[in-house]
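Atom set for the values below is all heavy atoms of this structure, side chains included, hydrogens, waters and symmetry mates excluded. As the structure is a computational prediction, the values presented were derived from the model and not from experiment.
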Amino acid sequence: MPRVQLIDAEGQNRGDVSINDALLLAEEAGLDLVEISPNAQPPVVKILDLGKLKYANQKKAAEARKNQKVIEIKEIKMRPNIDSHDYETKMKAVRRFFEEGDKVKLTLRFRGREMAHMELGMQLLNKVREEVAPIAKVEAEPRLEGRQMMMVLAPR
């Protein structure tokens with residue numbers, strides 16, 4: 001006859017009982033017999049309302065889902081010869097995105113003869129990297145794709 005450790009509806013430990021006795025006690029209380037920890041020796045069972053338990057677990061899962069943040073990748077587009085004020089405005093946006101926990105993809109678009117001066121683009125991306133170093137880390141190093149250079153930054 002298999003034995004179980006029984007905990008009744010009031011949370012009192014009833015000790016080691018046979019599984020049939022446990023089922024009878026649960027039926028008398030009008031509740032269910034739920035296995036709490038199957039791997040224990042002997043297994044631990046508890047008399048409780050299974051519907052309420054499922055409902056409570058659903059609520060807990062919903063609460064956890066509600067509190068999690070979906071990380072988005074925000075894109076900031078710049079040109080290699082960006083004006084200092086425009087640059088500051090873009091950097092303000094970058095910092096705000098990091099505070100919200102999002103990743104930032106910096107895209108530098110080259111037009112016409114700007115393609116001859118890739119080092120200017122590289123300098124700009126390195127300037128951005130140094131400026132946000134305390135609050136962000138580089139996730140994808142700057143790389144060239146056709147006429148644009150890209151770099152991805154993630155909040156620390």
Side-chain angles (χ1 to χ4, degrees), residues 4-13 22 26 29-156:
V4 291
Q5 179 85 18
L6 179 70
I7 296 167
D8 65 18
E10 286 81 48
Q12 300 299 315
N13 191 341
L31 297 168
D32 306 302
L33 188 68
V34 181
E35 192 171 31
I36 301 296
S37 67
N39 301 332
Q41 273 317 84
V44 178
V45 295
K46 189 173 183 178
I47 297 174
L48 48 77
D49 188 343
L50 191 59
K52 277 185 186 168
L53 180 73
K54 282 183 179 172
Y55 178 74
N57 287 345
Q58 264 178 339
K59 279 293 202 203
K60 220 182 291 169
E63 192 65 31
R65 269 197 309 276
K66 193 175 85 179
N67 291 333
Q68 67 186 195
K69 166 93 174 84
V70 178
I71 294 175
E72 293 179 55
I73 296 186
K74 306 282 192 173
E75 186 173 21
I76 295 279
K77 292 180 179 171
M78 292 184 186
R79 297 279 309 283
N81 55 352
I82 189 169
D83 184 62
S84 61
H85 182 265
D86 295 342
Y87 173 80
E88 286 307 319
T89 306
K90 299 272 188 188
M91 290 311 291
K92 236 180 253 169
V94 168
R95 287 192 196 89
R96 191 183 71 236
F97 293 148
F98 287 141
E99 281 164 19
E100 291 166 9
D102 294 320
K103 293 181 181 180
V104 175
K105 174 181 174 181
L106 280 161
T107 307
L108 226 60
R109 185 160 288 142
F110 294 93
R111 291 205 309 232
R113 256 184 259 158
E114 291 170 348
M115 290 297 286
H117 299 286
M118 290 297 181
E119 72 281 355
L120 292 176
M122 220 36 202
Q123 284 169 12
L124 182 63
L125 288 179
N126 284 330
K127 181 179 169 187
V128 170
R129 174 193 296 190
E130 284 162 26
E131 217 170 289
V132 298
I135 56 171
K137 58 183 183 290
V138 176
E139 200 166 84
E141 289 294 328
R143 67 177 190 277
L144 193 65
E145 280 183 19
R147 290 188 157 275
Q148 51 189 19
M149 203 178 266
M150 284 185 307
M151 172 169 77
V152 179
L153 299 165
R156 285 203 184 279

For [X], which residues count as a side chain to side chain donor-acceptor pair (under 3.5 Å) partner, sequence neighbours excluded?
| X | value |
| --- | --- |
| Arg147 | none |
| Tyr87 | Glu131 |
| Asn126 | none |
| Glu139 | Lys103 |

With rounding to the nearest 0.5 Å, note down the distance linking [atom1] in [X] to [atom2] in [Y].
| X | Y | atom1 | atom2 | result |
| --- | --- | --- | --- | --- |
| Lys90 | Lys77 | NZ | NZ | 9.0 Å |
| Ile82 | Thr89 | CD1 | OG1 | 8.0 Å |
| Asn81 | Phe110 | CG | CZ | 10.0 Å |
| Met118 | Leu108 | CE | CG | 9.5 Å |
| Gln58 | Leu53 | CD | CG | 10.5 Å |
| Phe98 | Lys74 | CZ | NZ | 12.5 Å |

Quiz prompt | Heavy-atom neighbours of Leu144 CG exceed 12 at 6.0 Å | solution = yes

Tell me the closest heavy-atom pair linking [X] and [Y], and the distance in Å.
| X | Y | value |
| --- | --- | --- |
| Val4 | Ala22 | CG2-CB, 4.1 Å |
| Val94 | Ile76 | CG2-CG1, 3.8 Å |
| Pro155 | Lys137 | O-NZ, 3.4 Å |
| Met149 | Met122 | SD-SD, 3.8 Å |
| Met151 | Leu125 | CE-O, 3.4 Å |
| Ile47 | Ala29 | CG2-CB, 4.3 Å |

Practice problem: Report the residues that fulfil side-chain contact (heavy atoms from CB on, under 4.5 Å) with Glu10, sequence neighbours left out, ordered by chain and then residue number. | Solution: Asp8, Gln12

Self-check item: Arg143 and Glu145: CA distance, side-chain angles, deciding distance, side-chain contact (heavy atoms from CB on, under 4.5 Å) verdict
Solution: CA-CA 7 Å; Arg143 67 177 190 277; Glu145 280 183 19; 3.0 Å; yes

Quiz item: Which is it for Leu33 and Leu6 under the side-chain contact (heavy atoms from CB on, under 4.5 Å) test, yes or no, and what are the steps along the way?
Solution: CA-CA 9 Å; Leu33 188 68; Leu6 179 70; 3.8 Å; yes

Exercise. Just do the side-chain contact (heavy atoms from CB on, under 4.5 Å) check on Leu153 and Val128 with the steps written out, would you?
Key: CA-CA 10 Å; Leu153 299 165; Val128 170; 4.2 Å; yes

Quiz item: If only atom types and distance count, is the side chain of Arg156 paired as donor or acceptor with the main-chain N or O of Ala133 below 3.5 Å?
Solution: yes

Quiz item: Any donor and acceptor pair, going by atom type alone, linking the side chain of Asp49 with main-chain N or O of Gly51 inside 3.5 Å?
Solution: yes

Quiz prompt | Contacts of Arg79 that satisfy salt bridge (Lys or Arg N to Asp or Glu O under 4.0 Å) - sequence neighbours left out | solution = Glu114

Self-check item: Any donor-acceptor N or O pair under 3.5 Å, side chains Thr107, Gln148
Solution: no

Self-check item: Step-by-step salt bridge (Lys or Arg N to Asp or Glu O under 4.0 Å) determination, Glu63 to Lys66
Solution: CA-CA 5 Å; Glu63 192 65 31; Lys66 193 175 85 179; 3.7 Å; yes

